[in-house]
Participant: 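Here's a structure for you.
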Amino acid sequence: MAAITQRPKGTQDVVPNEVYKWHTVEQVASETASQFGFKEIRIPTFEDTGLFVRSVGDTTDVVQKEMYTVSATGDSTFTLRPEGTAGTIRALIENGVLNEGFPQKVFYILSCFRHEKPQAGRLREFHQFGCEMVGAANARADADVISLAKSVLDRLGLKGIELNINSIGCPKCRAEYHKALKAYFEQYKDRLCETCQERLEKNPMRILDCKSAEDKEIAENAPVILDYLCDECSEHFEQLKNNLKLMNIEYEINPRIVRGLDYYTRTVFEFITTDIGAQGTVCGGGRYDGLIEQLGGKPTPALGFGMGLERLILTMQNQGCDFMNPEKCNVYIASMGEKGEYKAIELVKKLREEGFFAEYDLVGRGLKAQMKYADKIGAGFVVVLGDNEIETGTAKLKNMKTGEQIDINLDDSFVQLFSDVYFADMMTDETIQSMMSEFSLGEV
RNA sequence: GUGGGUAUAGCGUAGUUGGUUAACGCGUCAGUUUGUGGCACUGAAGACCGUGGGUUCGAAUCCCACUAUCCACCCCA
């Protein structure tokens, strides 16, 4: 009935008390990327439909049945981005960024849209943190990008996330492999499940990933792509493995991971967790050396990855990871009576001008209720202003943690006095705590 | 697109042989005498029991449909 207060299927609201989780992930991700030399790029939410058809691939599920395509005027159609790579590469080409030297390294945090049936870790509007590196053909670049993804996951405090890598070769060796694979599965065609019989024609590589017990058994002896790589691709994969070892990054070679977007070549990888249900891929990416040329640019090697922010946050919650603490109110100015209220307005204005997080009563609460409220919002200090204080020009500054009160002048020196007390308190609090924790770390 | 589960106040739940004013916890608000929070106590507000139909003297409780949501397949972040 009241459909107007109902969010569209597969979308999510982030309520005020939950945003800090998002801030945590966004901050860690962008800081880490910056540290690796990636700059942020911002691109439109929708693109010409053709861009996704050509890059993601016209036979993929994403393009065939999951795109939100709209036509505003009738003569051209636009599509809400189902992923970030296509638009990013388009922007880099269009703005001539690729003429500014290599490698170009960019990252983004944006929303993506796919018309799927929602379930745990799968939404119609979801958010991705993604990185793209353009112009580096060397396998060092692959390892570097993987290492960036790994750092983000580590810094978020995530545990037990497995890195799976594979190479799906270049178009040349993949053609060979497809032939071999198809020939192999043809023998067992009757025993394969229904979807896999379809896959046999459409995309035989997907059969390798089937969950059906019988198909799994059959797939076990199927040819492995790694045996069909050409010399160059094979060498590239060897170097990648070597580089990962140098970086102490553990990985599993998983010949069954096959990315579902057509633009991938050679290296593909996934970071997988078992903590959030069936949709456990928390990060997926790989190399796409052919994409830029395909979009009309000069042939240029490139690679990247995307991370699902919702999945990251889900995993963090399930693993009990720490999030950044939301900022707390520094000082609450409580007041009683008109004079006190006026003074509160004045003082809060000044405190805020000096950068403090200051609040006062806006809804007409009694003194006791104001104290409760101050406590609830986690105010560090409270000042109470009544007729007495206004008359004498001094008030009590109460430390809400210790309960101790000291006198404070209400004249022009107020903000400076508060500032002194505030920073002195912070020192005893945080500095000492962090020093203590360093100590104990040193002793262990 | 295919399958299964669930739908009771802002949130989490109880309410199962159908029977008068639907209960509890958290949260919100107000109080516990004189101008100071966290604890405790008291009280208040807040639910047409997802929607529509049916069975019945009577349904949150039984039946049907619809819708929403969750989980899984598929696909992927």
Side-chain angles (χ1 to χ4, degrees), chain A residues 1-3 5-12 15 17-18 56 60-66 81-85 109-130 149 193-196 198-199 202-203 206 209-212 257-261 264 268 270-273 276-285 304-315 332-337 340 363-389 395-403 405:
Chain A
M1 45 172 231
T5 58
Q6 173 113 43
R7 64 175 161 264
K9 189 197 268 280
T11 62
Q12 241 176 16
V15 293
N17 284 334
E18 297 282 315
V56 175
T60 59
D61 277 15
V62 170
V63 165
Q64 280 191 342
K65 40 190 195 194
E66 295 173 4
R81 60 183 169 222
E83 52 97 55
T85 300
I109 292 173
L110 43 70
S111 49
C112 299
F113 307 85
R114 293 183 198 173
H115 188 93
E116 295 194 86
K117 196 151 170 190
Q119 81 187 60
R122 192 171 76 187
L123 294 159
R124 289 187 173 176
E125 180 184 17
F126 62 99
H127 296 78
Q128 265 190 5
F129 160 68
C193 73
E194 227 172 278
T195 32
C196 281
E198 279 172 39
R199 284 163 166 163
K202 203 171 118 192
N203 190 351
R206 290 232 153 267
D209 211 14
C210 186
K211 265 98 186 169
S212 134
I257 67 164
V258 180
R259 319 261 58 238
L261 312 181
Y264 286 109
V268 291
E270 288 183 8
F271 284 89
I272 302 166
T273 173
I276 53 171
Q279 309 300 322
T281 302
V282 116
C283 171
F305 66 80
M307 280 191 192
L309 299 193
E310 286 82 358
R311 289 184 188 178
L312 287 179
I313 291 172
L314 265 181
T315 316
Y332 183 91
I333 310 288
S335 61
M336 316 176 56
V363 296
R365 276 186 245 254
L367 178 62
K368 196 151 189 168
Q370 289 184 59
M371 291 301 293
K372 274 193 179 174
Y373 181 73
D375 184 58
K376 195 183 94 183
I377 63 176
F381 292 87
V382 170
V383 176
V384 178
L385 300 181
D387 289 349
N388 293 348
E389 284 77 9
K396 297 285 186 201
L397 175 64
K398 179 168 184 172
N399 183 322
M400 292 294 273
K401 210 174 291 166
T402 64
Q405 302 195 37

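None of the values given here were measured: they were computed from a predicted structure.
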Participant: Contact class for A:C112 (heavy atom, under 4.0 Å): base, sugar-phosphate, or nothing?
Facilitator: nothing

Participant: Give a yes or no on whether a donor-acceptor pair under 3.5 Å exists between the nucleobase atoms of B:rC71, that is its base, and the side chain of A:R122.
Facilitator: no

Participant: Dump the pairs, protein N or O against N or O of nucleotides 38-42 of chain B, anything under 3.5 Å, distances to one decimal.
Facilitator:
residue	atom	partner	partner atom	Å
B:rG38	O4'	A:D375	OD2	3.3

Participant: Please tabulate the protein-to-nucleotide N/O contacts below 3.5 Å involving nucleotides 66-69 of chain B, giving atom names and distances.
Facilitator:
residue	atom	partner	partner atom	Å
B:rA68	O2'	A:Q6	NE2	3.3
B:rU69	OP2	A:K9	NZ	3.3

Participant: Quick test: give all pairs of protein nitrogen or oxygen and nucleotides 2-10 of chain B nitrogen or oxygen below 3.5 Å, distance rounded to 0.1 Å.
Facilitator:
residue	atom	partner	partner atom	Å
B:rU2	O4	A:K117	NZ	2.8

Participant: Nearest to the A:A369 side chain among B:rC74, B:rA30, B:rG35, which nucleotide is it?
Facilitator: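 Nucleotide nearest to A:A369's side chain: B:rA30.
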
Participant: Measure from NZ or CZ of A:R81 to the centre of the six-membered ring of A:F113, then state whether that distance is under 6.0 Å and the direction lies within 45° of the axis.
Facilitator: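 Ring-cation test returns no.
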
Participant: At a heavy-atom distance below 4.0 Å, what parts of residues 376-386 of chain A sit against RNA chain B?
Facilitator: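 Within this stretch, A:K376, A:V384 sit under 4.0 Å of the strand.
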
Participant: How is A:E125 classified with respect to the nucleic acid when contacts are heavy atoms under 4.0 Å: base, sugar-phosphate, or nothing?
Facilitator: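 Answer is nothing: A:E125 stays at 4.0 Å or more from every strand.
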
Participant: Whole angstrom is fine here: how far is it from CD in A:Q370 over to P in B:rG35?
Facilitator: 14 Å

Participant: By nearest atom, which of the nucleotides B:rA77, B:rG37, B:rC73 is closest to the A:Q279 side chain?
Facilitator: B:rC73

Participant: Which residues pass the side-chain contact (heavy atoms from CB on, under 4.5 Å) test with A:K65, sequence neighbours left out?
Facilitator: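 If we apply the side-chain contact (heavy atoms from CB on, under 4.5 Å) test to A:K65, skipping adjacent residues, the hits are A:D61.
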
Participant: Choose from B:rU36, B:rC73, B:rC29 the nucleotide whose nearest atom is closest to any side-chain atom of A:R365.
Facilitator: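 Minimum distance to the A:R365 side chain belongs to B:rC29.
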
Participant: Counting heavy atoms from C-beta on, name the nucleotide in B:rC71, B:rC73, B:rG37 closest to the side chain of A:A120.
Facilitator: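 That would be B:rC71.
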
Participant: Classify A:G121 by what it touches in the nucleic acid, base, sugar-phosphate, or nothing, heavy-atom distance under 4.0 Å.
Facilitator: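 Base, at least one base heavy atom under 4.0 Å.
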
Participant: Please determine if A:E116 and A:R124 form a salt bridge, counting it only when a charged side-chain N lies under 4.0 Å from a carboxylate O.
Facilitator: no

Participant: Fill in the dot-bracket string of RNA chain B, one character per base: . for unpaired, | for a pair to another strand, ( ) or [ ] for pairs within the strand, taking Watson-Crick or G-U pairs under 3.5 Å.
Facilitator: (((((((..((((.....[...)))).(((((.......))))).....(((((..]....))))))))))))....

Participant: Which sits closer to the 5' end of RNA chain B, A:H115 or A:Q119, going by the nucleotide each is nearest to?
Facilitator: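 Looking at the nearest nucleotide for each, A:H115 comes out on the 5' side.
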
Participant: For A:L312, which contact category applies under a 4.0 Å heavy-atom criterion: base, sugar-phosphate, or nothing?
Facilitator: nothing

